[in-house]
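Small disclaimer: the values here were computed from a predicted structure and weren't measured. In this chain, numbering begins with 1 at the start of the sequence shown.
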Amino acid sequence: MSTTLQNDLFIKAALSQQVERPPVWMMRQAGRFMPEYWEIKNKYSFLEMCKTPEVAADVTMLPVDLLGIDAAILFSDILVTGEAMGGDLSFEQGVGPRFSNPVRTWKDAENLSVDCLDKLQYVADAIRVIQQRLDGRIPLIGFAGAPFTILSYLVEGGSSRDFKLTKLMLNNEPELAHLILQKIADLTIAYLNMQIDAGVNAVQLFDSWANALSWNDYHTFSHKYNKYILANLKRTVPVISFAKGASVFAPVMAASNPDVISVDWNADLLNIKKSLPAGMAVQGNLDPFIMYADKPVIKAKIHELFERMRGENGFICNLGHGIMPDMPFDHVKYAVEVIREFRY
């Protein structure tokens, strides 16, 4: 990337360098809690928004302009890789993502395409448009879904509370699961490297449903593939590994050698940080539901976390998971203001 970043707090913290305050961005920061998002969403379907570079750039820029965060994240969805591989993806209001052709048999798995990066070219195009708009103000984060999480959507045909079909496959047909996971992992490497080539300043791997797995299954069906992906990325930008379940799995995640581990809200962040190799940063880990609370509570919770992390290089403030659609926008904006005013 040729443009020098005007605000590089996020990059410095990701590389465990000293900063004057923790940088902040929030997962799902360009989302349904903003009226401005709905002004765009009412004109397009969700997938049209993702696949139209100018529109994806418009949505990506909303929290940059309205919240003043320290890093933007590409507006897209983790499931676009599943779609590119052959999944018939749709997003239904009030239901969420659906794959109408779930992957449950060997034939289904063998039909999944890996040589399909051309179908994701719109993401690279969006990155270039966004970087033109950002013009070096703050870094841009690219991302992909981790193989186990994508597998679970493909097998279940959508979101799941109990991952019953996925776990049946892991237990009864592990070889079938490994075939699908390997295909997803190979595409994910190409996809993230494409994003890096297109100009993102960092990437995050989202393992949103890792917490559904037992300790042993996490090693076998998640960590193995995440480690493979990270080993094959162009490590020219910081790499963040996120798992819902990082409070348990962080020591394992560290073995895949990310620059940053993003942690849910079930752990003491300082304890996690001290358990990691020197120079590995942490991101998180505010409980997202704090954003519903009264503003004095929001401020107190942020300061509590920051005081706990005082003196630690390599800390990026984020939520333990994403912003919910009904969170009050002014509460999220207030949280960002509290963070930006803080000084070590």
Side-chain angles (χ1 to χ4, degrees), residues 9-19 21-29 70-71 73 141 143 146 148-149 202-219 221-227 229-231 235 238-291 298 300-323 335 339 342 344:
L9 282 178
F10 166 82
I11 300 294
K12 282 182 172 175
L15 298 175
S16 293
Q17 297 170 8
Q18 195 165 358
V19 288
R21 67 163 172 86
V24 60
W25 70 280
M26 296 185 185
M27 290 181 266
R28 293 201 209 113
Q29 66 187 14
D70 295 306
I73 184 165
I141 305 166
F143 69 91
F148 171 73
T149 293
V203 292
Q204 177 158 314
L205 189 65
F206 280 85
D207 210 352
S208 305
W209 302 129
N211 63 327
L213 292 168
S214 70
W215 179 260
N216 288 344
D217 283 349
Y218 177 76
H219 280 76
F221 297 107
S222 176
H223 171 64
K224 173 184 174 181
Y225 294 96
N226 296 348
K227 185 177 181 181
I229 290 168
L230 266 63
R235 298 296 291 265
V239 175
I240 307 167
S241 182
F242 166 76
K244 220 172 167 187
S247 50
V248 175
F249 298 132
V252 188
M253 294 167 72
S256 61
N257 196 34
D259 297 288
V260 186
I261 290 180
S262 190
V263 183
D264 55 45
W265 61 95
N266 301 116
D268 179 277
L269 196 59
L270 184 62
N271 288 347
I272 295 279
K273 179 84 168 71
K274 289 189 178 301
S275 75
L276 298 175
M280 192 170 288
V282 289
Q283 176 177 277
N285 69 333
L286 289 167
D287 181 347
F289 289 82
I290 290 167
M291 295 300 151
I298 294 172
K301 295 283 188 179
I302 290 168
H303 280 190
E304 181 181 43
L305 174 62
F306 285 12
E307 290 303 332
R308 182 74 176 138
M309 297 303 291
R310 185 180 284 276
E312 292 291 324
N313 292 335
F315 166 46
I316 297 163
C317 183
N318 206 317
L319 303 177
H321 204 220
I323 295 173
I339 294 161
F342 186 87
Y344 284 129

Participant: Mind checking what makes side-chain hydrogen bond (donor to acceptor under 3.5 Å, both in side chains) contact with Ser222, not counting sequence neighbours?
Facilitator: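 Ser222: side-chain hydrogen bond (donor to acceptor under 3.5 Å, both in side chains) contacts with Asp207, Asn226.
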
Participant: Using the test side-chain hydrogen bond (donor to acceptor under 3.5 Å, both in side chains), find all partners of Tyr225 that sit at least two apart in sequence or belong to another chain.
Facilitator: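 With sequence neighbours excluded, Tyr225 shows a side-chain hydrogen bond (donor to acceptor under 3.5 Å, both in side chains) to His178, given in chain and number order.
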
Participant: With sequence neighbours left out, what residues match Phe342 under ring pair (Phe, Tyr, Trp, His ring centres under 6.0 Å)?
Facilitator: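 Checked Phe342 against ring pair (Phe, Tyr, Trp, His ring centres under 6.0 Å); matches are His303, Phe306, Tyr344.
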
Participant: Let me confirm one number: the CZ-OG distance from Phe148 to Ser208, rounded to the nearest 0.5 Å.
Facilitator: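 Going from CZ on Phe148 over to OG on Ser208, the span is 10.5 Å.
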
Participant: Scan the side chains in residues 248-261 for donor-acceptor partners under 3.5 Å anywhere in the protein, sequence neighbours excluded, and list what turns up.
Facilitator:
| unit_1 | atom_1 | unit_2 | atom_2 | d |
| --- | --- | --- | --- | --- |
| Ser256 | OG | Met253 | O | 2.7 |
| Asp259 | OD2 | Arg235 | NH2 | 3.3 |
| Asp259 | OD2 | Val239 | N | 2.8 |

Participant: Restricting to side chain to side chain contact (heavy atoms under 4.5 Å, CB included), what partner residues turn up for Gln17, sequence neighbours left out?
Facilitator: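 Scan of Gln17 (side chain to side chain contact (heavy atoms under 4.5 Å, CB included), adjacent residues dropped) gives Lys12, Leu15.
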
Participant: Within a 6.0 Å radius of atom CD on Glu307, are there more than 12 heavy atoms belonging to other residues, nucleotides or ligands?
Facilitator: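 Yes - once you tally the heavy atoms of other residues, nucleotides and ligands closer than 6.0 Å, there are more than 12.
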
Participant: Check salt bridge (Lys or Arg N to Asp or Glu O under 4.0 Å) between Asp264 and all other residues, then give those that pass, not counting sequence neighbours.
Facilitator: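 With sequence neighbours excluded, Asp264 shows a salt bridge (Lys or Arg N to Asp or Glu O under 4.0 Å) to no residue whatsoever.
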
Participant: NE2/His219 to CG/Asp217 distance, rounded to the nearest 0.5 angstrom?
Facilitator: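 CG of Asp217 is found 11.0 Å from NE2 of His219.
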
Participant: Hey, what do you get for SG (Cys317) to CG (Leu269), rounding to the nearest 0.5 Å?
Facilitator: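 Answer for the SG-CG pair, Cys317 versus Leu269, is 9.5 Å.
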
Participant: For the residue pair Ala13 and Ile316, what are the closest heavy atoms and their distance?
Facilitator: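 Looking at all heavy atoms of both residues, the closest pair is CB-CG1, 3.8 Å.
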
Participant: State, to 0.1 Å, how close Ser247 and Ile272 come at their nearest heavy-atom pair, and which atoms those are.
Facilitator: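 Taking every non-hydrogen atom into account, O-CD1, 3.8 Å.
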
Participant: Arg21: what forms a salt bridge (Lys or Arg N to Asp or Glu O under 4.0 Å) with it, not counting sequence neighbours?
Facilitator: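 Arg21 satisfies salt bridge (Lys or Arg N to Asp or Glu O under 4.0 Å) with Asp70 only.
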
Participant: Can you measure from CG (Leu230) to NE2 (His223) and round to the nearest 0.5 angstrom?
Facilitator: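 Between Leu230 CG and His223 NE2, I get 10.0 Å after rounding to 0.5 Å.
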
Participant: Are the side chains of Trp265 and Ile290 in touch, meaning some heavy atoms are under 4.5 Å apart?
Facilitator: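 No; the side chains remain at least 4.5 Å from each other.
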
Participant: Suppose we screen for side-chain hydrogen bond (donor to acceptor under 3.5 Å, both in side chains). Which residues come up paired with Asp268, at least two apart in sequence or across chains?
Facilitator: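 For Asp268 the side-chain hydrogen bond (donor to acceptor under 3.5 Å, both in side chains) partners, ignoring immediate neighbours, are Arg308.
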
Participant: How long is the gap from CD1 on Ile73 to CZ on Phe143, to the nearest 0.5 Å?
Facilitator: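 CZ of Phe143 is found 5.5 Å from CD1 of Ile73.
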
Participant: Within the structure provided, determine whether Asn318 and Phe242 are in side-chain contact (heavy-atom separation under 4.5 Å).
Facilitator: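 A side-chain contact under 4.5 Å is absent here.
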
Participant: Tell me which pairs pass side-chain hydrogen bond (donor to acceptor under 3.5 Å, both in side chains) where either residue lies in residues 274-287, with sequence neighbours left out.
Facilitator: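 For residues 274-287, and leaving out neighbouring residues, the side-chain hydrogen bond (donor to acceptor under 3.5 Å, both in side chains) pairs sorted by first residue read Trp25-Gln283, Gln204-Gln283, Ser262-Gln283, Lys274-Glu312.
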
Participant: What residues form a side-chain hydrogen bond (donor to acceptor under 3.5 Å, both in side chains) with Gln29, not counting sequence neighbours?
Facilitator: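 With sequence neighbours excluded, Gln29 shows a side-chain hydrogen bond (donor to acceptor under 3.5 Å, both in side chains) to no residue whatsoever.
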
Participant: So which heavy atom on Gly322 is nearest to which on Pro288, and how close?
Facilitator: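 Here Gly322 and Pro288 meet closest at O-CB, 3.8 Å.
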
Participant: From Met280 CE over to Ser241 OG, what is the distance, rounded to the nearest 0.5 angstrom?
Facilitator: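 It comes to 9.0 Å.
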
